[in-house]
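Here is the structure we will look at, set down as structure tokens.
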Protein chains: 2
Amino acid sequence: MKDRMTPAGMAGHTQRGQCAKRMSILDAAADVFCRQGFAGASIDEIAAVACVSRQTIYNHYREKETLFVAVVEDVMNRANAMLFSVLSSFPEKADNLEDGLTEFAVRLNKNCICNHDGKFLRKLVQTEGERYPHLFESWRQQGPGKLTTALSALLARLAHKGVLVIDDFDVAARQFVALANADLQMMTLFGETPTDEELDKAARNAVRTFLKAYGRPADKAGRPPELAAIAG
Amino acid sequence: MKDRMTPAGMAGHTQRGQCAKRMSILDAAADVFCRQGFAGASIDEIAAVACVSRQTIYNHYREKETLFVAVVEDVMNRANAMLFSVLSSFPEKADNLEDGLTEFAVRLNKNCICNHDGKFLRKLVQTEGERYPHLFESWRQQGPGKLTTALSALLARLAHKGVLVIDDFDVAARQFVALANADLQMMTLFGETPTDEELDKAARNAVRTFLKAYGRPADKAGRPPELAAIAG
DNA sequence: GACGTTTTAGACAATGGCGTCTAGTTTTAC
DNA sequence: GTAAAACTAGACGCCATTGTCTAAAACGTC
């Protein structure tokens, strides 16, 4: 149903257990919980979507709540791995900064924020956040928290190189993310998935504004910031 | 329970009906629907919160769904009136633009986005959006849609005066809103309400960045943009 | 103070979901 | 090939909820 590739599951997270059925259940449950919310989701529907008998679900998860928690943890693990991967692709090179940041923003939106898992988590956090505070506090830390922290550090390095001029790195990081989402927020809220073209346009708008605000201004000779930085 | 002032209700929206009880029911239902979602909310709980018998609810609203729709429409009416009022306070004067925009951003966050009604609507849109597409399409248009359109026009006027330098007004409008929310998004998502101090700081960060990107640059004499604009 | 309307409290049937149980079947492992 | 484990289908009790109904009480108005 989803995009779960190998039956062996991913790296070494939680319990990957008796693969096939278990994964099928997790995916189906994620789907149904996301559409109907915790209260609205019925075990029978999850079983039907997973092509599994109800008893099998209860064999793996003691009760509805156990399943719910497992689903959220599973999706969070995938999302964290993805976020790590995307953060690793942050452009280090100062030359062609605009293109580098734009592609980074595209990847961030496409794989972490507008993608299935990202929408799932945000939706569930908002829906059931009060009921499971600890689960969602950990989401907050590992998701948006980690993103801001990491991005802040990455921006600081660029600022240190002299490519960017930033007074408050945390604020700049949050603003980068906010700008990157500005044009897509509404689509994402409604469950629509942006096309590659829309992703690119949104990222370009965001980075242009971000660099107008934080980019190193052209020096007196009128050289663009990258060259000016290289020239010292 | 909420902040509904006069028993006569607001201006001339929908049916304000047999005031007292009806409003009490609407407020209670909004509260419970927001916390539990449509499926999780029980009529009995709503009745208890409203200090009303269950039958009274059924006297006013044929069934649960009717009540839900009425609640959403009621909140949307309040929110629209508030948005209109906030938009009317957009700073027209070019002098002290930074302060003017900052105060505007504070009002926008405080009264339209981070407030009770704003959070309620965003949450319900995300939770039950698929079930009631028409209701939430109208939210999209009257809420974020109207905000972007109006803000875009207001920014265009400032640009026309030469105070701002903007190529795409719609994009700039969305970015303004996104920046204004950047620091508060996470709190709002979790139901916390920002303090006045936090509101002010967030708005100040947002406007500073917005003006760095779109503000008219100081002229050769080094005069700040406002004076430069006046001096022609 | 009497009448019509509104509200109340609670009983009520019907529905549907959760979680358990059982008996039979399939799959896996050795 | 056989034994153990996992899975299936369906029945079952239990409980919460919806929406209806009724008889009594409160309310407001004339």
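Chain naming here is simple, since letters A, B, ... match the order of the sequence lines and numbering starts at 1 in each. Fair warning: this is a prediction, and the values are worked out from it, not measured in the lab. Any value given below was found using the heavy atoms of this structure, including those in side chains, with hydrogens, waters and symmetry copies removed.
Counting any heavy atom pair closer than 4.0 Å across all strands shown, A:Ala41 reaches sugar-phosphate atoms only and no base atom. Counting any heavy atom pair closer than 4.0 Å across all strands shown, A:Ala39 reaches no nucleic acid atom.
Applying the ring-ring contact (aromatic ring centres under 6.0 Å, His included) test between A:Phe90 and each of A:Phe176, A:Phe84, A:Phe104 identifies A:Phe104 as the sole match. A side-chain contact (heavy atoms from CB on, under 4.5 Å) with B:Ser138 is found for exactly one of B:His134, B:Gln142, B:Arg140, namely B:Gln142.
Rounded to an integer number of Å, the gap from A:Tyr58 OH to D:dT8 P is 15 Å. Nucleotide D:dC7 holds its C1' atom 9 Å from the NE2 atom of A:His60, rounded to whole Å. Taking atom CG of A:Asn59 as the reference point, atom C1' of D:dA9 lies 13 Å away to the nearest angstrom. Protein atom CD1 of B:Ile25 is 12 Å distant from nucleotide atom C1' of C:dT6, rounded to whole Å. The CD atom of B:Gln55 sits 13 Å away from the C1' atom of C:dC12 (whole-angstrom rounding). Rounded to whole angstrom, the span from the CZ atom of B:Arg54 across to the P atom of D:dC21 amounts to 14 Å. Rounded to an integer number of Å, the gap from B:Phe68 CZ to D:dT18 P is 14 Å. Between B:Asp44 atom CG and C:dT8 atom P there is a gap of 13 Å when expressed in whole angstrom units.
Checked against side-chain contact (heavy atoms from CB on, under 4.5 Å), A:Asn115 has the following partners two or more places apart in sequence or in another chain: A:Asp117.
A donor-acceptor pair shorter than 3.5 Å can be found between the side chains of B:Gln55 and B:Asn59.
Among the nucleotides D:dG19, C:dT7, C:dG17, the one closest to the side chain of B:Thr56 is C:dT7.
Heavy atoms only, all atoms of each residue included: A:Ala172 and A:Ile166 are closest at CB-CG2, 3.7 Å.
Note on A:Ser53: every side-chain N or O is 4.0 Å or more away from OP1 and OP2 of D:dC7. Phosphate proximity of D:dT8 to A:Lys21: present, with a side-chain N or O under 4.0 Å from OP1 or OP2.
For C:dC18, its base never sits under 3.5 Å from the side chain of A:Glu63 at any donor and acceptor pair.
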